[in-house]
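Below is one structure; the comments refer to it alone.
Quick note: numbers below take in every heavy atom, side chains included, and nothing from hydrogens, waters or symmetry partners.
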Amino acid sequence: MKENCWTKTLLETYRYLENIAGAIDKIVMKTALNSFHFCREENNNVYNISNKIIDLADRKVTLINLKIIIDNVLMEIPESDAKLLIERYFENVKCRVMAEKLNVSMRTLFRKLTSAENNFTKKLVANGYTDARLNSFLKKEKWILNFYDQVANKDENLNMRTDLAYQTKILELV
């Protein structure tokens, strides 16, 4: 279940990875070029500025590796599933448009999307990217972890509403 939340999180955040890596490059360049001015302040010596640049570089490496992980998993799942996920998450195509393009009902489209997400999750876990490993790998990327929490809470709320509806239905039958 948690890996499925990771699937949604990774696919949703994929489109931002390049932009954020580019922003990190700009911050590193600005920090390096302006380090003379920063060094005048008490807490900003060459050592601290160097550590800041190294931390930013490490974050960029993490984002690049995450992009590679997602690309590799997409290449390992069936092509039809990969196309669905790319259209849905990367290109942000509306479900209605996707259903019309595939000439299927919305319900069928959602089944296909769920199946594609499950296949992605299975390959992600098969490659060793479990919930614990992804948490550890992305521990410095608070924005991704926050997004994960939103997805997990949304799924949890949906499950609670489904359970409540099921329990209400049972009570009506009794």
Side-chain angles (χ1 to χ4, degrees), residues 1-28 55-166:
M1 183 62 166
K2 288 185 177 186
E3 281 82 8
N4 200 12
C5 291
W6 273 115
T7 292
K8 292 175 183 178
T9 300
L10 296 180
L11 292 171
E12 282 284 351
T13 58
Y14 180 89
R15 65 183 126 171
Y16 304 111
L17 297 177
E18 280 186 48
N19 291 339
I20 293 175
I24 288 173
D25 282 340
K26 290 177 184 175
I27 293 170
V28 167
D55 287 343
L56 288 168
D58 287 344
R59 286 187 68 190
K60 182 180 177 187
V61 168
T62 299
L63 296 177
I64 291 169
N65 286 336
L66 183 60
K67 185 177 184 315
I68 291 169
I69 290 166
I70 295 168
D71 288 340
N72 287 342
V73 172
L74 284 171
M75 285 190 273
E76 291 178 15
I77 63 175
E79 187 177 344
S80 59
D81 289 349
K83 283 182 181 180
L84 275 176
L85 295 175
I86 289 168
E87 282 184 11
R88 174 74 176 112
Y89 290 100
F90 302 172
E91 298 171 1
N92 210 21
V93 176
K94 301 289 182 197
C95 291
R96 187 166 310 286
V97 173
M98 290 174 63
E100 289 172 3
K101 181 180 172 187
L102 294 171
N103 198 26
V104 295
S105 68
M106 290 293 285
R107 183 174 175 164
T108 301
L109 175 69
F110 285 120
R111 281 190 198 129
K112 288 182 179 214
L113 279 170
T114 301
S115 173
E117 289 169 355
N118 289 338
N119 286 338
F120 187 95
T121 301
K122 288 175 190 172
K123 287 295 181 184
L124 195 63
V125 171
N127 288 332
Y129 297 101
T130 60
D131 180 55
R133 185 167 177 201
L134 287 169
N135 272 321
S136 173
F137 178 63
L138 297 169
K139 66 183 171 229
K140 289 186 178 180
E141 298 304 320
K142 301 294 184 209
W143 67 279
I144 294 177
L145 296 177
N146 287 340
F147 200 92
Y148 171 83
D149 289 340
Q150 289 176 355
V151 170
N153 288 337
K154 184 178 177 183
D155 282 357
E156 188 176 302
N157 290 339
L158 182 62
N159 287 340
M160 287 183 359
R161 280 185 277 165
T162 304
D163 289 344
L164 184 61
Y166 179 72

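Cation-pi geometry between Arg133 and Tyr129 is satisfied (NZ or CZ under 6.0 Å from the ring centre, within 45° of the ring normal).
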Problem - Worked check of side-chain contact (heavy atoms from CB on, under 4.5 Å) between Asn65 and Thr62 - result: CA-CA 5 Å; Asn65 286 336; Thr62 299; 5.8 Å; no

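Residues satisfying the side-chain hydrogen bond (donor to acceptor under 3.5 Å, both in side chains) criterion with Glu18, sequence neighbours excluded, are absent altogether. Remark: Ser80 engages no residue in a side-chain hydrogen bond (donor to acceptor under 3.5 Å, both in side chains) (not counting sequence neighbours). In this view, Lys83 and Glu79 satisfy the side-chain hydrogen bond (donor to acceptor under 3.5 Å, both in side chains) rule, not counting sequence neighbours. Asn146 is linked by a side chain to side chain contact (heavy atoms under 4.5 Å, CB included) to Asp149, counting only residues two or more places apart in sequence or in another chain. With sequence neighbours excluded, no residue satisfies salt bridge (charged side-chain N to carboxylate O under 4.0 Å, His left out) with Arg111. Among residues two or more places apart in sequence or in another chain, the side chain to side chain contact (heavy atoms under 4.5 Å, CB included) test is passed with Ala21 by Lys60. Listed by chain and residue number, Tyr16, Ile24, Leu63, Trp143 satisfy the side chain to side chain contact (heavy atoms under 4.5 Å, CB included) test with Ile20 (two or more places apart in sequence, or in another chain). Arg15 pairs by the side-chain hydrogen bond (donor to acceptor under 3.5 Å, both in side chains) definition with Glu12, not counting sequence neighbours.
Within the model, atoms CG of Leu124 and CG of Asp131 stand 10.5 Å from one another, a figure rounded to the nearest 0.5 Å. Between Ile27 atom CD1 and Leu56 atom CG the span is 6.0 Å, to the nearest 0.5 Å.
A 4.5 Å side-chain heavy-atom check between Leu109 and Leu84 finds at least one atom pair inside the cut-off. Between Asn72 and Asn127, the closest side-chain pair of non-hydrogen atoms is not below 4.5 Å. Residues Val104 and Phe110 fail the side-chain proximity criterion, which asks for heavy atoms closer than 4.5 Å. Put simply, the side chain of Trp6 does not reach to within 4.5 Å of the side chain of Thr121, judged on heavy atoms. Residues Ile69 and Leu10 have side chains not in contact (no heavy-atom distance under 4.5 Å, counting atoms from C-beta outward).
Minimum interatomic distance between Lys139 and Leu145 (heavy atoms only, all atoms of both residues): O-CD1, 3.8 Å. Cys5 and Ala152 make their closest contact through SG-CA, 3.7 Å (heavy atoms, listed as atom of the first residue, atom of the second, distance). Closest heavy-atom contact between Ser115 and Asp81: O-OD2, 4.5 Å. Here the closest heavy-atom approach between residue Thr9 and residue Tyr148 is recorded as OG1-CA, 3.3 Å.
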Please tabulate, for the side chains in residues 85-100, all donor-acceptor contacts under 3.5 angstrom to protein atoms that are two or more places apart in sequence or on a different chain.
unit_1, atom_1, unit_2, atom_2, d
Glu87, OE2, Lys101, NZ, 2.5
Tyr89, OH, Glu117, OE2, 2.3

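Using a 4.0 Å cut-off between a side-chain N of Lys or Arg and a carboxylate O of Asp or Glu, Asp55 and Arg59 do not qualify as a salt bridge.
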